[in-house]
Amino acid sequence: MGKQAAVVLAVNGKRYEAAGVDPSTTLLEYLRTQTPVRGPKLGCGEGGCGACVVLVSKYDPATDEVTEFSASSCLTLLHSVDRCSVTTSEGIGNTKDGYHPVQQRLSGFHASQCGFCTPGMCMSIFSALVKADKAADRPAPPAGFSKLTSSEAEKAVSGNLCRCTGYRPIVDACKSFAADVDLEDLGLNCFWKKGDEPADVSKLPGYDSGAVCTFPEFLKSEIKSSVEQVNGAPVPVSDDGWYRPKSIDELHRLFQSESFDENSVKIVASNTGSGVYKDQDLHDKYIDIKEVPELSVINRSNKGVELGSVVSISKAIEVLSDGNVVFEKIADHLNKVASPFVRNTATIGGNIIMAQRLQFPSDIVTVLLAAGTTVTIQVVSKRLCLTLEEFLQQPPCDSRTLLLSIFIPYWSSDGITFETFRAAPRPLGNAVAYVNSAFLARTSVDAASRDHLIEDTCLVFGAYGTDHAIRASKVEDYLKGKTVSSTVILEAVRLLKATVKPSEGTTHPEYRISLAVSFLFTFLSSLVNNESTKVNGPNGSCSNGATNGALEHSPEKHLKFDSNDLPIRSRQEIFLTDEYKPVGKPIKKAGAEIQASGEAVYVDDIPAPKDCLYGAFIYSTHPHAHVKAINFKSSLASQKVITVITAKDIPSGGQNIGSTFPMMGDEALFADPVTEFAGQNIGVVIAETQKYAYMAAKQAIIEYSTENLQPPILTIEDAIQRNSYFQVPPFLAPKPVGDYNKGMAEADQKILSAEVKLESQYYFYMETQVALAIPDEDNCITIYSSTQIPEVTQNVVAKCLGIPFHNVRLISRRVGGGFGGKAMKAIHVACACAVAAFKLRRPVRMYLDRKTDMIMAGGRHPMKVKYSVGFKSDGKITALHIDLGINAGISPDVSPMLPPAIIGALKKYNWGNLAFDTKVCKTNVSSKSAMRGPGDVQGSFIAEAIIEHVASALSVDTNTIRRKNLHDFESLVVFFEDAAGEASTYSLVTMFDKLASSPEYQRRAAMVEHFNRSNKWKKRGISCVPITYEVNLRPTPGKVSIMNDGSIVVEVGGVEIGQGLWTKVKQMTAFGLGQLCPDGGESLLDKVRVIQADTLSMIQGGFTGGSTTSETSCEAVRQSCVALVERLKPIKENLEAEAGTVEWSSLIAQASMASVNLSAHAYWTPDPTFRSYLNYGAGISEVEIDVLTGATTILRSDLVYDCGQSLNPAVDLGQVEGAFIQGVGFFTNEEYTTNSEGLVIHDGTWTYKIPTVDTIPKQLNVELINSARDQKRVLSSKASGEPPLLLAASVHCAMREAIRAARKEFSVCTGPANSAITFEMDVPATMPIVKELCGLDVVERYLESMSTAGPTTTAKA
């Protein structure tokens, strides 16, 4: 047997040869460690985020054809791309060769903020363009466009996550390539001035479809020459543990060989399954079955379609798309499985095997089972043909059982109805279904009565908490020979409920049963044909079917309409002024192109220093226990452990400290000797590579003991019972207003002790926590950290190591998303790296895997609120009392700052008299920390919940109550004191009236009413919410230095985390020095470079957070510029006297010769009389809920936000949209769930669902209003990073209105108030909660009412 050659691949056109590489190496790991490529990023390691997407191209020498597809490089194994070409974002465009139009348009449409997800977005869009332009059956597009359609453009990034932008600008950039787009519909960009100039494709960076070579000629030649040699060669003996059998026989010889040990050998086709079922140990042998020809067959005949088991899901979709109606529906459903870059490699067979062996909740199995699929399997040398149902019912197959192919029979369309359904948190896929189902029915028409008679059915349900998809055979038997009527459907539903029984431990079991009922009801309603037995069925709302129910409400109109299919539209309105130019111009983000090309360097992109080691945390799974010992399983991965760093390795003189916030308190770095929460660091495993460290950490076995320890405190209730609190320092304590008892005495009506709860939220920054520590001479250390607080991190690391602060240099260039999560929690990682590097005297890098990051992050504070409110009959509120319980976790962190923020945001309304009791609870869970709008977002929502409760108690429109209780300026001053500012700056009432009192709002509200009267199974709601947000100004440093050639370098205390800080600082520098230039400074923009935060270069940097870092940094820079202008002005005047106008470069050359100090530093401190100010905004959202599934579609959101005189409207607009969508996630979909020990179990992209392109509003309109000037603010600007997040409460409020309509329709009175219109609706309002509030049994209730009201139909003989 011959030896196997090394893996050969092309990366961006360059040849790479990988010999002796560990077979478990992924393509991503290889690209990032063995090539200069840094564009593809590790975001999740699950194929769930798209940060690692690359284009893979394969060449077939037989046909001389190249096929390209996007793939998830974090799951793709290096060996499986042997003889392939890989293109990354750097490969399509870069600084040296020029940028690709995809990169230029993403930059020009302001579609990159932190930039970490941008290279992946770029490759998803690029691969969509390549695919569309290769389609021979499409007409040639107009010049400058591609063959892509707008609808495909929206779906191109459906599997990519972005936490910064809110997706709208990304979709616009992608749509700009679509031949059918109206360019005028696209949003704010740098290519034409919206409104003033016509949009024209010639203004966009030109696109030419064949410009990038995806498969180099040298690799084609190598492949052609190797084909001749390979033919007839035996299966190679693998040098590196990778086997590629070429036939079933060869595969069996491998199975039977001595080296085949089921535990250390992994059989792979595409390896995407490891995104779900993570490898628990390393494997030293892999068998790649993709090259066995029998497994790749695609045979069509008049009997059906046969697909080999390694055919990709994408290929199966392509094959089935041009078949009959059953095949097309299967293809349509498969399009909602995973995401495009996973479907391109994941195999049909792999999915079925995961379902059979590992109980994977597969959609594919469900739809194939309903279509009567059979499978061919091989067990040892025996070949079996089974129905898919029989195969699923067998015991889980072992790894030697080989699925060869599947066969889907051909169904003629005569009398056949086939429908598939799924309910999942995301409409376009990339989310496992709560329930999926597929139904096939054969019906005939009774000649006499014209009724549809059911001859036969196949009803399949899956994913509801069952081992595998099942047929509801009792229901099938019952329906046989029946004509459908409400009575028949009702009985079928009863039988179904006895069949669909979620197993113990399944989340939301009642919800899942109700979904199964909804799907069956929808399907059977579509088979009703007789007027007398007509069922007012749903309008195809959650089906993807073509046949539909008999409807009372114009069935034709609703037949194919689904709100999820609406295109994404938007409008942006901004106010531009030249007063401080180039400040105030919507210029694009500094560095956007290098972010798009993947050349921007994040901490994990810094090339590994010599002898670098890697770390991974071992964390506690117990909330309160003694740590007795750390042992390791006997495994391949355990052999990779170099050492374990624990508290005992902290240098003498150092402290066990992981984070601290000035004046608040510390948190330990390591549990020692007691672990105080599940998720606490116990130690750090050190290994030679990051993957080995991750794997080795999984092998740790911790020995615990709970002897002599109190039981853990996990909830707010536990903490109150055991009096476990953190104190709020007096200077932070919020102040009550007025006399609560007096206000209650004046009230006509009261609501007492009502409750509302808000859960936590995870940051989901795309770049997880990361640090690189490099020991230096003389007891010094340099740390590169992805942090929002370099100064505090430096101080804590120094305390931890027991060295002076000046021995620690901490550098932060850019952060791949922060949102508050890269503040306190980032310090732990920096400290852990520092302790390890200090001890081992070698560089140590830690880049947390997503699961560990989610378990340790803490996130937003959960809260429980009780409120009592008094009000007049006209809706004027006279008094409010709040009992507030905040779950702070194990350490104070920033939690004592929450009560003033919560109460501050709550004060947006005039409550008359306000009193409160706040408890910051100390519990045995991971400490909660600041997350975008901390406290304010909860406070603002609590205010809305109270206002809505008052409105429902008085049975009046909520907006009436909102408007009546908004402040006038006098009451604003009473509630906010100095922060209220000048009367002229109070813009909230104007904004609220502009939205809520407009004729358009009245018209839309009337249309919502009309829609709800005309639709039983879908309901809409509309709501308008005002916000008030107080921000504080903090001292901030800035330094401007001019080089001898006239280029300018700027340092600020703030960190670029995607918020556009560097962009605004560049503009301010050009403005500040502009009076020395003939053009006022615009020419200086390109001369300015803002450099990384460095704690030894720029001291007192403070922290980046609270929304005001950009403006305060700008002011420090402006002051530095003032000093420079003062020094340079005399020289400029002298030169002008001699030569007229003076060029910038001549001025600086002259100043340099005259020894003028060309560097100025300023430390700006706020005016003691103006330390804070208020931000205002208002937002309308309109939603549609599906009463049958609980799914919510946001139809439209209109946001108006007061940005003052914006420093950069494009940046601020991006902040408004991004914050709003992050808020939508908090209010609707993000469940940061823990187990009974307080350990986070929603710990990856499979279970934690942030908004995606298919869950954002279908229309998003944003207006930045130009409010009154205030010279006390920085050039009259205002903050934009956090306040707009609060506007997302408008979505929750609109959902409540829609649910109220559904409850009225079906007389649902669940909940403590026993009322249809008053009910508690907590945060987040996920699909199960929405459905529960609409009534889990609405279908049964409806059918019962129909059965008693109308004639029943008996079964026909």
Side-chain angles (χ1 to χ4, degrees), residues 42-52 72 74-75 161 163 273-280 358 360-361 424-426 430-432 434 505-508 616-623 675 677-682 685 690-691 693-700 702 714 759-770 817 819 821-822 825-826 828-829 846-860 862 887 889-890 924-929 931 1225-1226 1229-1252 1324 1326:
L42 179 63
C44 67
E46 301 178 320
C49 76
C52 68
S72 202
C74 73
L75 299 178
L161 302 184
R163 194 53 148 166
S274 66
V276 203
Y277 302 105
K278 314 286 188 300
D279 290 339
Q280 292 308 309
L358 302 165
F360 177 65
R426 293 177 180 151
N430 206 13
V432 170
Y434 288 110
T506 303
T507 55
H508 314 296
F617 281 123
I618 298 172
Y619 52 82
S620 161
T621 53
H622 203 292
T675 162
F677 62 92
Q680 186 171 16
N681 313 329
I682 293 175
V685 171
Q690 189 65 70
K691 186 180 72 190
Y694 291 155
M695 249 340 159
K698 289 184 182 181
Q699 313 306 311
I702 317 289
L714 297 174
E759 295 301 334
S760 185
Q761 181 184 22
Y762 168 60
Y763 306 97
F764 219 109
Y765 26 63
M766 293 302 295
E767 168 202 50
T768 57
Q769 301 285 2
V770 56
F819 319 114
K822 296 276 177 71
K825 301 294 176 174
H828 289 259
V829 184
M846 286 180 77
Y847 182 42
L848 300 197
D849 62 284
R850 182 62 67 181
K851 177 175 180 169
T852 305
D853 195 285
M854 292 191 74
I855 282 170
M856 296 167 69
R860 210 181 272 291
N887 190 338
I890 194 63
N924 293 102
V925 296
S926 169
S927 5
K928 307 302 158 200
S929 197
M931 179 170 178
F1226 173 57
N1229 225 12
E1230 297 182 33
E1231 292 183 282
Y1232 200 19
T1233 310
T1234 57
N1235 67 9
S1236 58
E1237 303 278 305
L1239 182 74
V1240 171
I1241 49 173
H1242 279 188
D1243 54 14
T1245 56
W1246 283 90
T1247 43
Y1248 193 84
K1249 298 297 178 190
I1250 71 168
T1252 37
T1326 56

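On a predicted model such as this, the values are computed, not experimentally measured, just so you know.
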Approximate separation, where rounding is to 0.5 Å, of Thr675 OG1 and His622 NE2: 8.5 Å
Nearest-0.5 Å distance, CG of residue Asn924 to CD1 of residue Ile890: 4.5 Å
Aromatic ring pairing Tyr762/Tyr1232, orientation class (parallel under 30°, perpendicular over 60°, tilted between): tilted
Check: Arg163 and Tyr763 side chains under 4.5 Å, non-hydrogen atoms: no
Exercise: identify the closest heavy-atom pair between Pro862 and Ser760: CG-CB, 4.0 Å
Flag side-chain contact, heavy atom, 4.5 Å: Lys822 against Gln769: yes
Arg426 versus Ile1250, closest heavy-atom pair with distance: NH2-O, 2.8 Å
N/O donor-acceptor pair under 3.5 Å between Trp1246 side chain and Gly275 backbone: yes
Distance in Å, Asp279 CG paired with Met695 CE, rounded so as to fall on 0.5 Å steps: 4.5 Å
Under 3.5 Å donor-acceptor, Gln680 side chain and Val925 backbone: no
Smallest separation among heavy atoms of Asn430 and Lys1249, with atom names: O-NZ, 3.0 Å
Minimum side-chain heavy-atom gap Ser274-Leu75 below 4.5 Å: yes
Verdict with supporting geometry, Ile702 and Ile618, side-chain contact (heavy atoms from CB on, under 4.5 Å): CA-CA 9 Å; Ile702 317 289; Ile618 298 172; 3.5 Å; yes
Within-4.5 Å side-chain heavy-atom neighbours: Gln761 and Tyr1248: yes
Donor-acceptor side-chain pairing of His1242 and Thr1247 below 3.5 angstrom: no
4.5 Å side-chain heavy-atom contact, Glu1237 and Pro623: yes
Between OG1 on residue Thr852 and CG on residue Asp1243, distance to nearest 0.5 Å: 9.0 Å
All salt bridge (Lys or Arg N to Asp or Glu O under 4.0 Å) counterparts of Lys698, not counting sequence neighbours: none
Closest heavy-atom pair and its distance - Ala857, Lys825: O-CE, 3.1 Å
Phe764 and Thr1245, any side-chain heavy atoms less than 4.5 Å apart: yes
Minimal non-hydrogen separation, Ala431 against Pro425, with atom names: CB-CD, 3.9 Å
The single option from Arg850, Lys278, Lys851 passing salt bridge (charged side-chain N to carboxylate O under 4.0 Å, His left out) against Glu46: Lys278
N/O donor-acceptor pair under 3.5 Å between Thr1233 side chain and Ile1241 backbone: no
Approximate separation, where rounding is to 0.5 Å, of Phe677 CZ and Ser927 OG: 5.5 Å
Asp849 CG to Met854 CE distance, which is reported to the nearest 0.5 Å: 11.5 Å
Donor-acceptor under 3.5 Å (Asn887 side chain, Gly889 main chain): yes
Any side-chain heavy-atom pair of Leu1239 and Thr1234 under 4.5 Å: no
Heavy-atom closest pair, residues Val685 and Ala696: CG1-CB, 3.6 Å
Test item: Val770 and Val829 side chains (from C-beta on) under 4.5 Å apart, heavy atoms: no
Within the 6.0 Å centroid threshold, strictly below: Tyr765 and Phe819: no
